[in-house]
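Let me begin by presenting the structure, written as structure tokens, before commenting on it.
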2 protein chains.
Amino acid sequence: MRIGELATRSGVSVRALRYYEEQGLLIAERSISGQRHYPETALEKVGFFQDMYSAGLTSKRIAELMPCFNTGHTDAEQRIMLRTERDRIHERVTQLTSALRRLDEVIAVADTHP
Amino acid sequence: MRIGELATRSGVSVRALRYYEEQGLLIAERSISGQRHYPETALEKVGFFQDMYSAGLTSKRIAELMPCFNTGHTDAEQRIMLRTERDRIHERVTQLTSALRRLDEVIAVADTHP
DNA sequence: CTTGCCTCTGACGTTAGCGTCAGGTTTTAG
DNA sequence: CTAAAACCTGACGCTAACGTCAGAGGCAAG
């Protein structure tokens, strides 16, 4: 499929998809005229990118993760990085949960003092 | 206390504290010579800011929250905003948890295919 | 054929939360 | 008293993930 279709189906912008290619995340095949063509599997990858971005990983980190994601094979360094990111995200969940509690307290006070 | 002490005690930079003041979040009293002086309660507020920032709220949003945080009183509009932010954070926790699961899968594969 | 939508490559703009000088005053330690 | 350390106000820099033109080519329909 071409870039517009992938954009609408995956819910990201055309610009974002070209950006992913710039970053080495999602390199498309090209038609003779130079237009990008993506396989169906690109959809899944874009979803993975969104998850990772929303988890606070950088493009560079995600690029480093792609070999693992594609082949399921890793070296020692990659496994360390995987755990590092995992732990970072986990800590972030903890932080967010803490923020959530604080907001809930404020909300509770707001409800009893209307 | 002065800005340097608050910075070290709260773990944020002096620049950040001045930035908070720019954003209307934490306005210090001034000595005659113009130096900022903070009460002890500033520590708690800075912690609150950090929680909110880390939860993805903007300075503007946090500024809107401060009346609730300070006085415990809210109007209808503020209560709506509180719930909106709360829900946003909750959704983000869900996203992060999803990202965490994906990473865990990759890690699991990595461990069984060393 | 041509209309209209899609795509291409640059390349500059944006936003937020600070970092980092520069150049000058104030406070503190000895 | 003096030197170091801390503080002040601008003001420019930075990064990341795109947004947003501009200008030009590509492609299915009528």
Side-chain angles (χ1 to χ4, degrees), chain A residues 1-39 42 45-66 81 85 88-89 92 95-96 99, chain B residues 1-39 42-43 45-66 85 88-89 92 95-96 99:
Chain A
M1 80 191 89
R2 291 191 299 172
I3 197 169
E5 188 183 341
L6 179 57
T8 55
R9 284 178 63 185
S10 64
V12 309
S13 71
V14 167
R15 177 67 175 92
L17 293 175
R18 291 202 265 250
Y19 177 73
Y20 296 163
E21 186 164 306
E22 270 182 40
Q23 302 302 305
L25 292 181
L26 186 61
I27 297 173
E29 311 237 303
R30 300 301 187 106
S31 69
I32 306 176
S33 60
Q35 299 202 341
R36 291 172 177 85
H37 285 272
Y38 300 89
K45 291 188 185 179
V46 172
F48 182 71
F49 299 157
Q50 290 304 97
D51 269 12
M52 294 303 115
Y53 278 128
S54 101
L57 276 74
T58 64
S59 298
K60 199 177 157 197
R61 274 299 201 208
I62 302 177
E64 290 169 3
L65 278 174
M66 285 318 284
M81 187 192 53
E85 292 300 334
R88 213 181 46 69
I89 296 175
R92 222 171 136 53
Q95 283 178 3
L96 286 181
Chain B
M1 80 191 91
R2 290 192 300 172
I3 197 168
E5 189 184 341
L6 180 56
T8 55
R9 286 178 63 187
S10 64
V12 309
S13 71
V14 167
R15 178 67 176 92
L17 293 175
R18 291 203 266 250
Y19 177 73
Y20 297 163
E21 186 164 306
E22 270 182 42
Q23 302 302 306
L25 292 181
L26 186 61
I27 296 173
E29 311 236 304
R30 299 302 188 106
S31 69
I32 306 176
S33 61
Q35 298 204 344
R36 293 173 177 84
H37 285 272
Y38 300 89
L43 266 169
K45 291 188 184 179
V46 172
F48 182 71
F49 299 156
Q50 289 304 98
D51 269 13
M52 294 302 116
Y53 278 129
S54 102
L57 275 75
T58 64
S59 299
K60 200 176 156 198
R61 273 302 201 206
I62 301 177
E64 290 169 2
L65 279 173
M66 286 317 284
E85 292 301 333
R88 213 182 46 70
I89 297 175
R92 219 171 140 53
Q95 283 178 3
L96 287 181

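Hydrogens, waters and symmetry mates are skipped; everything else that's a heavy atom, side chains included, is used. The structure presented is a predicted model; accordingly, all values stated were derived computationally and were not measured. Convention: sequence-line order gives letters A, B, ...; per-chain numbering from 1.
B/Lys45 places none of its side-chain heavy atoms less than 4.5 Å from the side chain of B/Leu25. At a threshold of 4.5 Å between non-hydrogen side-chain atoms, the residues A/Met81 and A/Leu65 count as touching. At least one side-chain heavy atom of A/Arg2 sits under 4.5 Å from a side-chain heavy atom of A/His37.
With 3.5 Å as the limit, one finds a donor-acceptor pair spanning the side chains of A/Tyr53 and A/Ser59.
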Under-3.5 Å N/O pairs linking protein and nucleotides 1-4 of chain C:
none

Between protein and nucleotides 14-17 of chain C, what N or O pairs are separated by less than 3.5 Å?
from   : atom 1 : to      : atom 2 : distance (Å)
C/dG17 : OP2    : B/Tyr19 : OH     : 3.1
C/dG17 : OP2    : B/Ser59 : OG     : 2.7

Atom pairs under 3.5 Å, N or O on each side, protein against nucleotides 11-13 of chain D: can you list them with distances?
none

Hey, what are the protein-to-nucleotides 21-29 of chain D N/O distances that come in under 3.5 Å?
none

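A salt bridge (charged side-chain N to carboxylate O under 4.0 Å, His left out) check over residues 47-57 of chain A, counting only residues at least two apart or in different chains, returns the pairs A/Asp51-B/Arg102.
Considering only residues two or more places apart in sequence or on other chains, A/Tyr38 meets the ring pair (Phe, Tyr, Trp, His ring centres under 6.0 Å) condition with none of them. A/Glu64 meets the side chain to side chain donor-acceptor pair (under 3.5 Å) test with A/Arg61; sequence neighbours excluded. Considering only residues two or more places apart in sequence or on other chains, B/Arg36 meets the salt bridge (Lys or Arg N to Asp or Glu O under 4.0 Å) condition with B/Glu21. For B/Ser31, the side chain to side chain donor-acceptor pair (under 3.5 Å) criterion is met by B/Ser33, not counting sequence neighbours. Partners of B/Tyr19 according to the side chain to side chain donor-acceptor pair (under 3.5 Å) rule, which considers only residues two or more places apart in sequence or in another chain, do not exist here.
In this entry the distance linking CZ of A/Arg18 with C1' of C/dC8 reads 7 Å, nearest Å.
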Give the table of side-chain donor-acceptor pairs shorter than 3.5 Å for residues 4-11 of chain A, with sequence neighbours excluded, one pair per line with atom names and distance.
from    : atom 1 : to      : atom 2 : distance (Å)
A/Glu5  : OE2    : A/Arg9  : NH1    : 3.2
A/Thr8  : OG1    : A/Gly4  : O      : 3.3
A/Thr8  : OG1    : A/Glu5  : O      : 3.0
A/Arg9  : NH1    : A/Glu40 : OE2    : 3.4
A/Arg9  : NH2    : A/Glu40 : OE1    : 3.0
A/Ser10 : OG     : A/Leu6  : O      : 2.6
A/Ser10 : OG     : A/Ala7  : O      : 3.4

